[in-house]
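Chain letters run A, B, ... following the sequence lines, proteins first and then strands; every chain starts at 1.
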Amino acid sequence: MSSALLSDLRARGLIFQIAGEDTLADWLDTEPRTLYCGFDPTADSLHIGSLVPVLMLRRFQLAGHRPLALVGGATGLIGDPSFKASERNLNTPDVVANWVNKLQHQVSQFIDFEGENSAKVVNNLDWTTGMDVLTFLRDVGKHFSINNMIQKESVKQRIEREGSGISFTEFTYMILQSYDFSELYLHHDCGLQIGGSDQWGNITGGIDLTRRLHGGQVFGLTMPLVEKADGTKFGKTETGTIWLDAHKTSPYSFYQFWLNTSDKDVYKFLRYFTFLSVEKIAEIEEADAQREGRPEGQQILADEVTQLVHGAEGLAAAQRITQALFVGEAYTLGPDDLEQLALDGLPTTPLKSSEIAPTLTQLLSDVGMVTSGKQVKDALKNRAVFINGVPVEGAPPIDTALCFRSENALHGKYWIVRLGKKKYHLFTAE
RNA sequence: GGAGGGGUUCCCGAGUGGCCAAAGGGAUCAGACUGUAAAUCUGACGCGAAAGCUUCGGUGGUUCGAAUCCACCUCCCUCCA
């Protein structure tokens with residue numbers, strides 16, 4: 001059945017490279033196996049870049065294997081140099097420890113901790129923190145050849161490129177991660193490490209070390225980097241990174257992100273980010289190709305992924321807002337509906353008449369709709385600013401008191417400001 | 001420790017005394033066209049409604065005037081020891 005897993009992954013395009021390809025399918029087929037994937041705390045939340053590996057763990061678990069999610073309490077203190085253009089700043093131990101906590105919790109929601117192949121979260125700080133330098137150098141470092149390490153593609157650009165460089169600290173990262181694999185092999189019988197394609201060098205390092213230290217034969221599997229057809233970076237928008245934490249990226253914004261996926265990417269993303277079968281996705285693609293006009297792929301993608309990350313409630317909230325703003329006429333909603341939208345996560349700001357910003361440009365940049373007043377000016381020129389559906393006329397400065405009068409409010413206290421086609425903000429009278 | 005090269009606005013990268021808020025590209029935002037897609041075209045892109053204000057690693061200095069010259073400091077890179 002697991003070779004079925006591999007062929008499904010292959011059909012999804014989720015396999016980039018495999019170490020031990022000849023025997024991996026057999027190994028997976030004979031009995032439930034343990035595998036791991038590492039997540040380093042580089043922020044207080046994972047972002048959608050980590051979603052592919054996280055979901056990969058789940059795919060293996062659904063196929064009957066046991067996933068370990070490793071949180072890099074130790075490696076997060078060092079910083080992975082793989083394919084990074086420059087050295088990064090070190091974060092303080094207490095900051096990293098705090099992030100570790102958050103990641104543990106976050107990763108946990110995607111894998112199942114019940115049943116026979118229950119998942120486990122481990123932290124590599126547990127086995128590195130007590131190790132002294134000499135032991136590390138003699139027992140671990142001795143197995144690594146510098147000649148070999150500097151050959152790795154992942155650090156080559158740092159070593160060869162003029163104007164950059166790599167510290168010993170970051171260079172050592174690979175050894176730490178390799179040691180993780182050998183430890184998990186020893187104590188958890190973990191025989192497979194998965195990761196993004198940038199992790200190939202680190203993974204093969206771990207495979208070599210495990211063989212040298214324990215004579216164990218272990219496997220590695222990497223997933224392709226998520227790339228967009230237009231070549232721009234996946235997972236970033238004007239607002240910045242798309243986080244998995246609902247407090248950092250609301251389910252609504254998250255949902256909108258997927259809904260805005262390009263046609264060229266949407267079916268690939270369905271294969272990457274959902275558990276819909278490859279056949280089902282092919283059907284959707286086929287149906288979209290037949291249909292005139294707007295395809296359904298984005299809708300399905302947004303529904304599926306939002307459900308996975310934010311649950312049924314988060315999805316429902318995101319859909320309610322989307323429905324109200326983009327499908328219906330938002331300014332025909334009743335007061336209860338508007339309250340609900342605010343609760344659902346539509347960006348909302350109460351207006352206190354005493355401390356309201358005097359100009360519209362200032363107000364909109366204060367609430368984060370735009371990053372500078374210039375954008376508002378630009379939008380005004382294009383008649384792209386609307387309050388409750390009515391375009392705002394004129395050029396800045398525009399008096400906010402005139403814009404937000406109770407006469408033009410919905411139900412006496414609501415104003416929906418729209419800037420451009422997609423940005424909405426709800427203001428309420430206090 | 002020695003010798004040399006470098007730190008420019010989100011990123012890359014021009015700019016070597018006034019014409020510089022600083023070329024060009026990318027990213028981003030808005031408009032048109034569309035389907036909340038792509039491509040294309042248009043506009044914006046340090047802050048400010050404007051007057052104006054604040055930027056070119058840091059601090060001082062020279063000058064009527066500095067991103068550009070000088071001094072010191074700091075960080076990075078290359079080679080040598």
Side-chain angles (χ1 to χ4, degrees), chain A residues 84-90 157-170 227-242 252-270 284-285 287-303 306 318-319 321-330 346 357-366 368-386 391-403 417-425:
Chain A
K84 300 278 179 349
S86 57
E87 188 89 7
R88 287 180 299 163
N89 292 328
L90 294 174
Q157 68 171 117
R158 283 281 286 282
I159 292 172
E160 288 175 358
R161 188 186 178 215
E162 180 90 10
S164 68
I166 183 167
S167 68
F168 178 71
T169 305
E170 282 199 9
E227 282 173 327
K228 293 205 292 178
D230 63 7
T232 58
K233 200 170 168 131
F234 170 75
K236 301 267 186 191
T237 65
E238 32 117 13
T239 346
T241 308
I242 306 293
Y252 162 66
S253 310
F254 187 85
Y255 185 79
Q256 285 288 322
F257 169 80
W258 295 103
L259 209 54
N260 279 302
T261 305
S262 146
D263 289 2
K264 284 182 184 149
D265 294 319
V266 68
Y267 307 104
K268 179 168 88 173
F269 288 1
L270 278 167
I284 296 167
E285 184 166 8
D288 280 346
Q290 301 292 320
R291 184 181 302 112
E292 294 279 314
R294 186 181 184 159
E296 260 182 1
Q298 282 87 341
Q299 175 80 57
I300 298 169
L301 178 68
D303 286 352
T306 307
Q319 284 174 330
I321 301 177
T322 299
Q323 190 73 22
L325 297 181
F326 290 94
V327 181
E329 299 284 7
L346 177 68
T359 63
L360 191 63
T361 43
Q362 201 180 333
L363 178 68
L364 298 190
S365 46
D366 284 352
M369 272 186 97
V370 291
T371 49
S372 94
K374 284 263 168 40
Q375 293 180 21
V376 178
K377 190 180 170 188
D378 189 41
L380 282 168
K381 204 172 65 194
N382 289 320
R383 281 172 54 97
V385 182
F386 299 84
V392 178
E393 304 286 348
I398 289 191
D399 188 351
T400 35
L402 286 169
C403 294
V417 174
R418 179 180 133 206
L419 191 149
K421 249 183 304 195
K422 301 184 203 169
K423 290 181 184 168
Y424 288 91
H425 200 101

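Within 4.0 Å of K374(A), counting heavy atoms only, lies at least one base atom of the nucleic acid. Looking at heavy-atom distances under 4.0 Å, T322(A) makes contact with a base. Backbone-only contact: D230(A) has heavy atoms under 4.0 Å from sugar-phosphate atoms and none from a base.
Dashed line: the shortest gap from a side-chain N or O of K377(A) to OP1 or OP2 of A50(B) is under 4.0 Å. Phosphate proximity of A49(B) to T361(A): present, with a side-chain N or O under 4.0 Å from OP1 or OP2.
The separation of C56(B) from G13(B), taken at their C1' atoms, amounts to 13 Å, rounded to a whole angstrom.
If you check A23(B) for Watson-Crick or wobble pairing at under 3.5 angstrom, you find it has no partner at all. Using N1 to N3 plus N6-O4 or O6-N4 for Watson-Crick, or N1-O2 and O6-N3 for G-U wobble, each under 3.5 Å, U36(B) pairs with nothing. Both distances falling under 3.5 Å, in either a Watson-Crick or a G-U wobble arrangement, occur for no nucleotide opposite A81(B). Pair check for C41(B) finds G31(B); Watson-Crick or G-U wobble, both atom distances under 3.5 Å. Remark: C53(B) base-pairs with G46(B); criterion is Watson-Crick or G-U wobble with both hydrogen-bond distances under 3.5 Å.
With distances taken from any side-chain atom of T232(A) to the nucleotides A38(B), C29(B), U28(B), the minimum falls on U28(B). Taking every side-chain heavy atom of L419(A) into account, A30(B) is the closest of A38(B), A30(B), U34(B).
The nearest heavy atom of RNA chain B to Q362(A) and to G293(A) marks one nucleotide each, and the one closer to the 5' end goes with G293(A).
Rounded to whole Å, the distance from CZ on R383(A) to P on A30(B) is 18 Å. Regarding F269(A), its CZ atom lies at a distance of 12 Å from the P atom of A38(B), rounded to whole Å. Here the C1' atom of nucleotide U36(B) and the CZ atom of R294(A) are 6 Å apart, to the nearest Å.
Taking 3.5 Å as the limit, the base of G43(B) and the side chain of N382(A) contain no donor-acceptor pair of atoms between them.
Side-chain atoms of R418(A) come within 3.5 Å of backbone N or O of G420(A) as a donor-acceptor pair.
Checked against the 6.0 Å centroid threshold, F269(A) and F234(A) count as a close aromatic pair.
Salt-bridge formation is detected for the pair R291(A)/E296(A): a Lys NZ or Arg NE/NH1/NH2 atom is positioned less than 4.0 Å from an Asp or Glu carboxylate oxygen.
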